[in-house]
Amino acid sequence: MQLEDYFDFQRPDDIRLKGTRVGIETILYDFIHRCRTPEAIVKSYPSVTLEQVYATILHYLHNKEAVSAYISNWLEWSHRMREEQRRNPSPVVVKLMKLKAEREAKKKTHGSQISF
């Protein structure tokens, strides 16, 4: 089996583990940036096998420059999307933020009252 047989190259910016919806960036972020072991990563993603995690790491090691660029682009895109969501939250998020603020205000009001 070739290393590439472990992946679905859907687009240049979307590489997934074959048979799953998990992108290689997810596995590699956990491995590189969170210093998680392959065994710990597998426990987090039930649709992924240990063999697939090792294949992803091996793919990264064999193509470090290209995969590092892929991950860098993914991180940049993720930051842009997070910022966009922060600036323009969905109506559901706005409602949840309002409810949270109301709950916090109630806590402060009730917490400052002294009871005898």
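Model, not experiment: these values are computed from the prediction. Atom set for the values below is all heavy atoms of this structure, side chains included, hydrogens, waters and symmetry mates excluded.
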Does the side chain of [X] reach to within under 4.5 Å of the side chain of [Y], using non-hydrogen atoms?
{"X": "Arg36", "Y": "Ser44", "value": "yes"}
{"X": "Val53", "Y": "Ile57", "value": "yes"}
{"X": "Phe7", "Y": "His59", "value": "yes"}
{"X": "Glu84", "Y": "Asn88", "value": "yes"}
{"X": "Tyr29", "Y": "Leu75", "value": "yes"}
{"X": "Ile41", "Y": "Val48", "value": "no"}

How many angstroms lie between atom [atom1] of [X] and atom [atom2] of [Y], to the nearest 0.5 angstrom?
{"X": "Arg21", "Y": "Thr26", "atom1": "CZ", "atom2": "OG1", "answer": "11.5 Å"}
{"X": "Cys35", "Y": "Asp30", "atom1": "SG", "atom2": "CG", "answer": "10.5 Å"}
{"X": "Ile27", "Y": "Ile15", "atom1": "CD1", "atom2": "CD1", "answer": "13.0 Å"}
{"X": "Leu28", "Y": "Ile24", "atom1": "CG", "atom2": "CD1", "answer": "5.5 Å"}
{"X": "Ser68", "Y": "Ile32", "atom1": "OG", "atom2": "CD1", "answer": "6.0 Å"}
{"X": "Thr20", "Y": "Tyr6", "atom1": "OG1", "atom2": "OH", "answer": "13.5 Å"}

Test item: Asp5 side-chain N/O and Gln2 main-chain N/O as donor-acceptor pair under 3.5 Å | yes
Using modelled atom types only, decide if a donor and an acceptor are shared between the side chain of Gln52 and the backbone of Lys18 within a distance under 3.5 Å.
-> yes
Heavy atoms of other groups near Arg103 CZ, more than 12 under 6.0 Å = no
Flag if over 12 foreign heavy atoms under 6.0 Å of CD, Glu65 = no
Salt bridge between [X] and [Y], side-chain N to carboxylate O under 4.0 Å?
{"X": "Lys43", "Y": "Glu39", "value": "no"}
{"X": "Arg80", "Y": "Glu76", "value": "yes"}
{"X": "Asp8", "Y": "Arg16", "value": "no"}

For Glu83 and Arg87, run salt bridge (Lys or Arg N to Asp or Glu O under 4.0 Å): C-alpha distance rounded to whole Å, both residues' side-chain angles, the deciding distance at 0.1 Å, then the answer.
-> CA-CA 6 Å; Glu83 180 60 26; Arg87 283 195 315 264; 3.5 Å; yes
